[in-house]
Amino acid sequence: PDIDVDFAWDERDQIIDYVFAKYGTRRTAMVANHNTYGARSAIREVAKVFGLTDAEISRVTSKISYGWHLKHIWKELANHPKMKGIEFKKPWNEILNAAVQLEDHLNHLSVHCGGIVIVPDEIRRYCPVEISASGLQVLQWEKDAVEEAGLVKIDLLGNRILAVIRDALALVERNYGRRIDYANWDPTDDPATLKIFYDGNTFGVFSFESPATRQTLIKAGSGFTIEEYCCMDHFHLNVVVTSIIRPASNQSIREWVARLHGEPWDPPHPLLRSVLEETLGVMVFQEQLSQAAMHLAGFDAAEADTLRKVVSKNHREKKLRDFYSRFVKGASERGVSPEKIEEVWQMILGFEGYSFCKPHSASYTLVAYKSAFLRAHYPAEFMAAVISNGGGYYSTFGYLTEARRMGLKVLPPDINQSEIKYTGKDREIRVGLMQLKELSQEGVEFIVRERSKHGPFTSLDNFLLRTSGHVHLQDVRVLIKAGCFDSIAHDTTRPGLMWKALRFFDTPSASSSLN
C-alpha cells in the first residue's frame with residue numbers, strides 16, 4: 001500500500017521542503033512520472049530530425065486531436081477529412097513510419113506532484129536518481145515501479161477544503177474572538193450541521209457538492225423527520241454516500257435508498273451476508289470487493305487485493321479475464337450457481353475506474369462535517385473561504401449565486417475594505433482584490449501593505465501619491481473600472497477618476513490606453 005496524507009493545497013510545497021530538510025537527499029526522493037510520446041509529439045520530433053520547419057510541422061500536428069493513436073490511422077492520415085488541403089510529399093511517408101514506432105515510448109521524466117519515498121539508509125541503493133529541473137531529487141521510477149520494488153510511496157496531497165476550513169476558522173477567530181481547535185473539534189452531533197446534510201444544502205461542503213450526491217442525500221433523508229435523522233447513525237450513512245456515488249452506480253443507489261427506507265433485501269448469496277450487511281446488500285467499499293472474492297470464491301488476501309487493483313485500473317497489464325476464470329472456478333466449487341456468480345461479478349465490475357475504501361470515505365466524511373458546521377454557523381466566513389481557495393465543484397460565480405440564495409449580501413471590491421482574499425462577517429461577503437484578474441500581484445500586495453501601515457486611503461489623489469512607483473497605470477485603471485474608488489470618489493464619476501489617473505501618470509501610453 002501507499003500512504004496518502006492531505007495538507008492544505010497552498011502548504012504542500014512547504015511540507016515537501018520540510019521532508020527533504022529533515023531526512024536529507026541521501027534518504028529522500030520524489031517519485032517520477034514517465035511522460036511518453038503522443039501522436040503529435042512523435043511526429044514533431046521525427047520531422048525536426050528530417051529538417052522540416054516549425055511551420056511545416058505545425059500544419060499537420062495542429063490538425064491532430066488529443067487521443068489520436070498513430071498506429072491506427074497513420075497509413076490513412078493523408079486521406080483524413082481534417083488533413084484536406086495538406087500534401088504529404090516526401091519525406092512525410094518516412095516521418096510517419098518512424099513516428100508510429102516512437103509513439104508511446106518514453107519521452108522524458110517529470111516530477112510526481114506529491115509522491116515521495118523515504119528510506120532508512122541510502123536511496124541510491126534502491127533506485128537510480130537524478131536532479132529535476134526544479135532542483136528536487138527524483139527517482140527514475142514511476143509509481144507502479146516503486147510499488148513493485150517494495151518501496152512505500154507517500155503521497156503528500158494538496159487539498160483545497162483544508163485550506164477553506166483553515167481560512168474560515170481564522171475569520172471566525174478574528175471576527176468573534178472564538179478559537180476552534182481543529183484537532184479536538186467534533187461537530188458530528190451538531191443539529192444545524194446535520195440539517196445541512198438532511199436538506200442537501202451542501203454547496204461548498206467537501207465531497208458532497210455534486211448534483212448526484214445532493215440528490216442522494218435528499219432521497220436518503222426524505223423518509224425520515226429531521227429528529228429521526230439525528231437519531232440515526234447518520235455518520236455511517238454519509239460515509240456510504242461518499243463512496244456509492246461513482247460512474248454507473250445509479251441502480252445501486254436506488255436499491256440502497258429503498259432498503260434504507262425499509263424495503264427487505266437478501267444478499268446475492270448467503271456467503272456474502274456478513275460482507276454486505278452494513279451497506280444493505282449493496283457493494284460500496286473497496287474492501288467489500290476483496291472480501292466478496294475471499295468469501296465467495298476462496299481468494300486469498302493477496303489475490304483479492306490484486307483483483308481490487310485490476311478492477312480499479314491501476315494495473316492494466318493484469319488480465320481481468322484471468323481473475324474472472326479464477327472467480328468462477330472458486331465460487332462453483334462452493335456450490336454457487338452460475339447466475340449468482342455472474343451477478344456478484346457484475347457488482348465487482350461496478351467499481352471500475354473509481355471507488356473508495358471505507359477509511360478513506362470515513363476520513364473525508366469527517367472533514368465534510370467540519371465544513372458543513374462552518375456553512376451552518378458561519379456562512380459568510382465559510383463561503384468567502386471557499387471562493388478564496390478556488391472553490392470546489394463549481395465556479396466562483398456559482399458560489400456567489402449560492403451565497404445570495406443563502407441570504408448573504410455580496411459587497412463589491414473596495415480599496416479600503418477589500419483584502420487580497422474574499423472576507424466574510426456576519427451575513428456579508430466582501431469581494432477580494434484577487435478577483436480582479438488583470439491586477440498585478442505586486443500591486444495588490446503593495447496596496448494592502450501600505451494601507452495596513454499608514455491607514456485607509458482618503459481619495460484617488462491620496463492613493464496615487466502613496467503608491468507612486470509601486471502601482472502602475474494599468475492597475476489603477478482596473479481598480480477604477482471595478483468600482484474600488486467609489487466610496488472615496490467624492491461625487492467624481494469613474495470616467496472623471498480615469499482622467500485624474502491619466503493626468504497623474506501623464507504619459508503617451510496612458511493616453512493611448514484610454515482610447
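Everything quoted here is computed from the prediction, not taken from an experiment.
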Evaluate salt bridge (charged side-chain N to carboxylate O under 4.0 Å, His left out) for R174 paired with E419, printing each intermediate quantity in order. CA-CA 14 Å; R174 188 177 76 180; E419 298 182 13; 2.9 Å; yes
Please tell me whether D4 and H360 have a donor and an acceptor in their side chains that are separated by less than 3.5 angstrom.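 H360 and D4 do not have a side-chain donor-acceptor pair below 3.5 Å.
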Just by distance, with hydrogens left out, do N238 and T365 show a side-chain donor and acceptor under 3.5 Å apart?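 Their side chains do not contain a donor-acceptor pair, so the 3.5 Å distance test is not met.
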Taking the six-membered ring for Trp and the full ring for Phe, Tyr or His, determine whether the centres of F197 and Y369 are under 6.0 Å apart. yes
Carboxylate-amine/guanidinium contact [X] [Y], below 4.0 Å:
X: D305; Y: K309; result: yes
X: D266; Y: R273; result: yes
X: K143; Y: E147; result: no

Measure from NZ or CZ of R326 to the centre of the six-membered ring of F299, then state whether that distance is under 6.0 Å and the direction lies within 45° of the axis. yes
Cation-pi check for F203 against R214: NZ or CZ below 6.0 Å from the six-membered ring centre and within 45 degrees of the axis, yes or no? no
[X] vs [Y] aromatic rings, parallel, tilted or perpendicular, using cut-offs 30° and 60°?
X: H236; Y: F285; value: perpendicular
X: Y229; Y: H234; value: parallel
X: H80; Y: W68; value: tilted

Taking all heavy atoms of M406 and all of P379, pick out the closest pair and write down the distance.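 Minimum heavy-atom separation between M406 and P379: CE-CB, 3.6 Å.
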Measure across E381 and D426 and return the closest heavy-atom pair with its distance rounded to 0.1 Å.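 Where E381 meets D426 most closely, the heavy atoms are OE2-N, 3.8 Å.
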Using only atom types and a distance under 3.5 Å, with no angle test, would you say the side chain of [X] pairs donor to acceptor with the backbone of [Y]?
X: K370; Y: Y182; result: yes
X: S41; Y: Y37; result: no
X: S325; Y: R321; result: yes

Could I get the full list of side-chain contact (heavy atoms from CB on, under 4.5 Å) partners for T28, not counting sequence neighbours?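 For T28 the side-chain contact (heavy atoms from CB on, under 4.5 Å) partners, ignoring immediate neighbours, are V19, F20, Y23, I116, I118.
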Please evaluate residues L157 and N159 with respect to the criterion side chain to side chain contact (heavy atoms under 4.5 Å, CB included), reporting the C-alpha separation (whole Å), side-chain torsions for both, the decisive distance (0.1 Å), and the verdict. CA-CA 6 Å; L157 304 173; N159 193 316; 5.9 Å; no
Tell me the side chain to side chain donor-acceptor pair (under 3.5 Å) pairs involving residues 117-141, sequence neighbours left out?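 Qualifying pairs: R26-E122, D121-R125, D121-Y126, E130-Q140, S132-S134.
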All salt bridge (Lys or Arg N to Asp or Glu O under 4.0 Å) counterparts of E278, not counting sequence neighbours: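 Once residues adjacent in sequence are excluded, the partners of E278 under the salt bridge (Lys or Arg N to Asp or Glu O under 4.0 Å) criterion are K358.
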